[in-house]
Amino acid sequence: MEAVVEVTKGNSLPQKLDLHLMPCEIQFNGPAKVSSYFTQTIADQLLNDQDKQASFRGRPLHGKEVGLPEGYKGVVLKEAMPVYKEEIQYRGLHVTGVFDTFTYWNLDKETSADDGIQKALAWTDLAKVLHTPVNDSKTAEETGNASVNS
C-alpha cells in the first residue's frame, strides 16, 4: 500500500513549547497538568543552570536542558485521521508547536556526555564534517604532497 504524508503549518504561528524527554513510558495520551504537578518541582542545580533536579512519582530525576544543533528546528506534529482512497493512504500532519531547546531526564543517575541523547545531538556536527566535499588540491597541500593520485 502506498502512503502520502502532507505536513501543514496552519494559519497562525505555532507556539513555542517547553519540552521534557522522560525516561519512562506513560500510558496516557491527552492533556495533563504538567505545569501544576511537575514543572513546579524542578530545581536548578547550584553549579549550573542547565542541570536540573526533580522527581516523578517519588523517583529522583536528573535533567539537563540542551539546545538543538545549529541549523535545526524542532517541531511537534499532530496527526489527523488517515484517509484511504484507492489503495493509497493519505496522512496529514499539522505543526502544533516549535522548540529550540528541551530538557532530557535520567532516572537515578546524573546526566553526562555518555547519555544517548547527548551522543545523538553530537552526531549532527560529526555528520556535517563527514559529508562535506573535500577538495583534492587542498588535501594535498595540507598533507605536504605535491600531487594526488586518483
Side-chain angles (χ1 to χ4, degrees), residues 1-83 88-136 138-144 148:
M1 176 188 306
E2 185 179 338
V4 177
V5 178
E6 180 181 328
V7 179
T8 58
K9 189 169 92 168
N11 296 335
S12 62
L13 290 175
Q15 68 179 11
K16 188 165 181 176
L17 301 174
D18 183 24
L19 271 81
H20 297 272
L21 179 60
M22 303 293 285
C24 60
E25 183 177 337
I26 300 171
Q27 297 292 326
F28 179 73
N29 190 10
K33 297 181 181 179
V34 175
S35 59
S36 299
Y37 294 107
F38 181 69
T39 310
Q40 289 182 357
T41 68
I42 298 173
D44 293 337
Q45 290 185 357
L46 296 176
L47 299 176
N48 187 343
D49 281 346
Q50 291 179 333
D51 293 327
K52 316 254 182 232
Q53 289 182 332
S55 66
F56 183 71
R57 295 189 176 179
R59 304 285 303 271
L61 296 173
H62 300 279
K64 183 176 188 88
E65 186 174 337
V66 292
L68 296 179
E70 185 178 330
Y72 286 81
K73 183 156 196 90
V75 294
V76 176
L77 303 170
K78 182 175 184 177
E79 184 174 13
M81 291 296 294
V83 176
I88 299 175
Q89 180 184 26
Y90 293 89
R91 300 176 75 174
L93 301 173
H94 305 284
V95 177
T96 60
V98 296
F99 63 96
D100 53 7
T101 65
F102 65 94
T103 303
Y104 80 94
W105 297 93
N106 285 339
L107 181 63
D108 296 334
K109 73 173 191 161
E110 296 285 333
T111 61
S112 74
D114 287 333
D115 292 334
I117 194 72
Q118 292 275 45
K119 289 179 179 180
L121 291 172
W123 175 253
T124 59
D125 291 334
L126 181 59
K128 189 186 317 178
V129 171
L130 288 174
H131 295 287
T132 301
V134 177
N135 184 340
D136 286 339
K138 185 177 179 182
T139 305
E141 292 172 9
E142 290 174 353
T143 60
V148 176

Engineer: Atom OG1 of T111 and atom CH2 of W105: how far apart are they, to the nearest 0.5 Å?
Structural biologist: 9.5 Å

Engineer: So, D125 side chain and A122 main chain: donor-acceptor pair closer than 3.5 Å or not?
Structural biologist: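 Looks like no, no N/O pair under 3.5 Å.
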
Engineer: So K109 and D115, do their side chains get closer than 4.5 Å, heavy atoms only?
Structural biologist: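 The answer is yes; the side chains approach within 4.5 Å.
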
Engineer: Could you tell me which non-hydrogen atom of L68 sits nearest to which non-hydrogen atom of G74, and how far apart they are?
Structural biologist: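 Reported closest heavy-atom pair: CD1-N, 3.1 Å.
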
Engineer: Can you tell me how far NZ of K52 sits from NZ of K64, rounded to the nearest 0.5 angstrom?
Structural biologist: 10.0 Å

Engineer: If the condition is side chain to side chain contact (heavy atoms under 4.5 Å, CB included), which residues does A127 pass it with, not counting sequence neighbours?
Structural biologist: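 Partners of A127 by the side chain to side chain contact (heavy atoms under 4.5 Å, CB included) criterion, ordered by chain and then number, come out as W123, H131.
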
Engineer: Could you pull out the closest heavy-atom pair between S112 and Y104, with the gap in Å?
Structural biologist: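 For S112 and Y104, the tightest heavy-atom pair comes out as O-OH, 3.7 Å.
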
Engineer: For the CZ atom of F38 and the NE2 atom of H20, what is their distance to the nearest 0.5 Å?
Structural biologist: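 It comes to 6.0 Å.
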
Engineer: Could you measure the distance from the CG atom of L93 to the NZ atom of K78? Nearest 0.5 Å is fine.
Structural biologist: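 One finds 12.0 Å between CG of L93 and NZ of K78.
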
Engineer: What's the separation between atom CZ in R91 and atom CG in L77, rounded to the nearest 0.5 Å?
Structural biologist: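 So the gap between those two atoms works out to 11.5 Å.
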
Engineer: How about F28: does its CZ atom have over 12 heavy atoms from other parts shown lying under 6.0 Å from it?
Structural biologist: yes

Engineer: Just wondering, do V76 and L19 contact through their side chains at under 4.5 Å, heavy atoms?
Structural biologist: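 They are in contact (side-chain heavy atoms under 4.5 Å apart), so the answer is yes.
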
Engineer: Grab the two heavy atoms, one from Q118 and one from A113, that are nearest each other, plus how far apart they are.
Structural biologist: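 That would be CB-O, 3.8 Å.
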
Engineer: Identify, with sequence neighbours excluded, every residue that meets side chain to side chain donor-acceptor pair (under 3.5 Å) alongside K128.
Structural biologist: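 None.
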
Engineer: Go through L107 and L61 one step at a time and tell me if the side chain to side chain contact (heavy atoms under 4.5 Å, CB included) criterion holds.
Structural biologist: CA-CA 5 Å; L107 181 63; L61 296 173; 3.9 Å; yes

Engineer: Could you work out, with salt bridge (charged side-chain N to carboxylate O under 4.0 Å, His left out) as the rule, every residue matching E70, not counting sequence neighbours?
Structural biologist: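 Partners of E70 by the salt bridge (charged side-chain N to carboxylate O under 4.0 Å, His left out) criterion come out as none, since no residue qualifies.
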
Engineer: What's the spacing between F99 CZ and K73 NZ if we round to 0.5 Å?
Structural biologist: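 So the gap between those two atoms works out to 10.0 Å.
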
Engineer: Considering all heavy atoms of both residues, which atom of P23 and which atom of N106 are nearest to each other, and what is their separation?
Structural biologist: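 Taking every non-hydrogen atom into account, CG-C, 4.2 Å.
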
Engineer: Identify the heavy atoms of G97 and L17 that sit nearest to each other, and give their distance.
Structural biologist: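 Closest approach of G97 to L17, heavy atoms only: CA-CD1, 3.6 Å.
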
Engineer: With a 4.5 Å limit on heavy-atom distance, are the side chains of D108 and P60 in contact?
Structural biologist: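 Yes. Closest side-chain heavy atoms under 4.5 Å.
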
Engineer: Side-chain contact, heavy-atom cut-off 4.5 Å: D51 with H62?
Structural biologist: no

